[in-house]
Amino acid sequence: MKRAVLISALHKKILRWYRQNGRELPWRKTSDPYRILLSEIMAQQTQVSRVEIFYTKWLAKFPTLQSAARAKTREILLQWSGLGYNSRALRLHALAKFVVKNYRSRLPHSVEELQKLPGIGAYTSHAVACFAFRQQLPVVDVNIKRILLRIFGYTTRLTDKEIWKLAEEILPSGKAYHWNQALMDFGAVICTARNPKCAICPVQKECASAFSPMFNVPEKRKKKEPSRKGIPRRLYRGKILKMLHYTVLTEKEIAEQLWHSFSSRDVLWLHNLLHQMIADGLLKRLRGKLGIAE
DNA sequence: GAGACGTGGTG
DNA sequence: TCACCAAGTCT
């Protein structure tokens with residue numbers, strides 16, 4: 001099949017699938033760049049079904065970029081609590097303050113300017129430029145990457161640059177918004193990471209990997225993450241942050257809440273962890289105790 | 001560029 | 001059960 005014919009078929013079939021099966025998501029009904037940005041930040045490494053809940057709660061508390069900019073760090077972290085990757089909340093807070101102060105509360109439109117803002121990388125900058133400002137740009141997230149690699153049958157590793165180039169090449173003229181949204185839904189529902197639904201896939205005939213037994217083989221074995229007493233370090237960070245939402249504690253008091261018994265080496269380990277959380281802007285020291293950052 | 005970063009769902 | 005996975009970014 002000629003490439004142009006293949007791409008045309010993909011456009012037609014995937015866009016039709018999307019019209020019939022696309023998810024109804026709150027940020028697809030708004031043109032407010034702040035709301036669209038919020039949804040994209042929240043969706044980073046987070047399932048959309050969980051984002052919806054936090055998105056609604058957040059907007060009830062911080063309906064505008066200005067209101068988020070004015071908020072205390074404690075309120076920001078409290079609203080984010082439970083969603084994960086708490087640094088995203090801090091970066092969004094910093095972004096809001098910066099844009100209110102330097103850009104008259106208006107988000108920049110260009111990918112280049114967006115990407116200078118905290119918490120916005122390649123994916124989010126393109127997503128905001130396309131979804132909020134309707135620019136004809138490709139978007140590459142984990143879904144779209146997976147779909148493209150499968151359909152075009154790439155077995156060798158592609159660099160990020162090559163994937164983005166491919167995404168740009170197949171962008172249907174004038175339909176970037178719906179195409180990008182369609183691909184992400186398609187990846188979440190049909191072309192899933194494990195057990196993709198090839199049997200009901202609308203582009204089964206166009207796909208180089210349909211029914212491939214190579215699915216379900218993890219790409220790379222993840223190296224074990226740092227942990228203490230069998231509990232990953234990042235879980236400690238989450239627990240500690242929640243502990244300190246409404247109070248301040250000494251390092252010893254934190255240790256007592258974490259562990260039934262602990263050694264001096266455990267205390268040193270905890271001290272270093274807290275030091276890192278302070279460096280990350282999550283916590284601060286006050287009168288010998290730890291609390292949420294200002 | 002590999003590793004760190006939260007939390008909850010899933011096969 | 002438990003390792004993988006989820007609209008990535010930063011260092």
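In what follows, chains carry the letters A, B, and so on, assigned in the order in which the sequence lines appear, proteins first and then strands, with residues in each chain numbered from 1.
The shortest distance between the side-chain N/O atoms of A:Arg194 and the OP1/OP2 oxygens of C:dC5 is not below 4.0 Å. The side chain of A:Arg146 contributes an N or O atom lying less than 4.0 Å from OP1 or OP2 of C:dA6. Residue A:Ser39 has no polar side-chain atom (N or O) positioned under 4.0 Å from OP1 or OP2 of C:dA7.
Within the nucleic acid shown, A:Ala127 has no heavy atom closer than 4.0 Å to any nucleic acid atom. At a threshold of 4.0 angstrom between heavy atoms, the contacts of A:Val51 with the nucleic acid are absent. Among the heavy atoms of the strands lying under 4.0 Å from A:Gly84 is at least one base atom, whether or not backbone atoms are also near. Using a 4.0 Å heavy-atom cutoff across all strands shown, A:Ile36 reaches no nucleic acid atom at all. Among the heavy atoms of the strands, none lies under 4.0 Å from A:Ser49.
Between A:Trp179 atom CH2 and C:dA7 atom C1' there is a gap of 16 Å when expressed in whole angstrom units. The nearest whole Å value for the distance from the CD1 atom in A:Ile240 to the P atom in B:dC5 is 11 Å. Rounded to whole Å, the distance from CG on A:Asp141 to C1' on C:dA6 is 10 Å. Rounded to an integer number of Å, the gap from CG of A:Asp280 to P of C:dT9 is 18 Å. Distance CD1 (A:Ile231) to P (B:dG6): 16 Å, rounded to an integer number of Å. Per the geometry, CZ belonging to A:Phe186 stands 16 Å off C1' belonging to C:dA7, to the nearest Å. Atom C1' of nucleotide B:dT7 and atom CG of A:Leu83 are separated by 8 Å, given to the nearest angstrom. The nearest whole Å value for the distance from the CD atom in A:Gln276 to the P atom in B:dG6 is 10 Å.
Toward the 5' end of DNA chain B, the nearer of the two residues A:Glu225 and A:Asn195, judged by each one's closest nucleotide, is A:Glu225. Each of A:Gln47 and A:Ile120 was assigned the nucleotide of DNA chain C with the nearest heavy atom; the assignment lying further toward the 5' end belongs to A:Gln47.
For C:dG8, the base has no donor-acceptor partner in the side chain of A:Thr46 [N/O atoms by modelled type, under 3.5 angstrom]. A donor-acceptor contact under 3.5 angstrom links the side-chain atoms of A:Arg234 to the base of B:dG6. For a distance-only test at 3.5 Å, the side chain of A:Gln44 fails to qualify as a donor-acceptor partner of the base of C:dG8. For a distance-only test at 3.5 Å, the side chain of A:Tyr123 fails to qualify as a donor-acceptor partner of the base of C:dG8.
The side chain of A:Trp27 has C:dA7 as its nearest neighbour among C:dG8, B:dA4, C:dA7. Taking only side-chain atoms of A:Pro226, from C-beta outward, the nucleotide of B:dC5, C:dA7, B:dT7 with the closest atom is B:dC5. Here the side chain of A:Arg91 is nearest to one of B:dA4, C:dG8, C:dC10, namely C:dC10. Here the nucleotide nearest the side chain of A:Arg88, chosen from C:dA7, C:dT9, B:dG6, is B:dG6.
Aromatic rings from A:Trp269 and A:Phe262 are positioned such that their centres are separated by 6.0 Å or more.
Separating the P atom of B:dG3 from that of C:dC4 is a span of 14 Å, rounded to the nearest Å. A gap of 13 Å separates the P atoms of C:dA7 and B:dT10, to the nearest Å.
Using the six-membered ring where Trp is involved, A:His271 and A:His275 have ring planes that are parallel, under 30° apart on the 30 and 60° scheme.
Following chains of ILVMFWY side-chain contacts shorter than 4.5 Å, one cannot reach A:Leu107 starting from A:Ile36, and the two form parts of different hydrophobic clusters.
Note on A:Arg28 versus A:Glu24: no salt bridge recorded, every NZ/NE/NH1/NH2 to OD/OE distance being 4.0 Å or above. Ion pairing between a basic and an acidic side chain is recognised when a charged N comes within 4.0 Å of a carboxylate O; A:Arg285 and A:Glu251 show such pairing.
The ring-ring contact (aromatic ring centres under 6.0 Å, His included) with A:His11 is formed by just one residue from the set A:Trp179, A:Trp17, A:Tyr18; it is A:Trp179.
For the atom pair CG (A:Leu59) and CZ (A:Phe54), the distance works out to 13.5 Å, reported to the nearest 0.5 Å.
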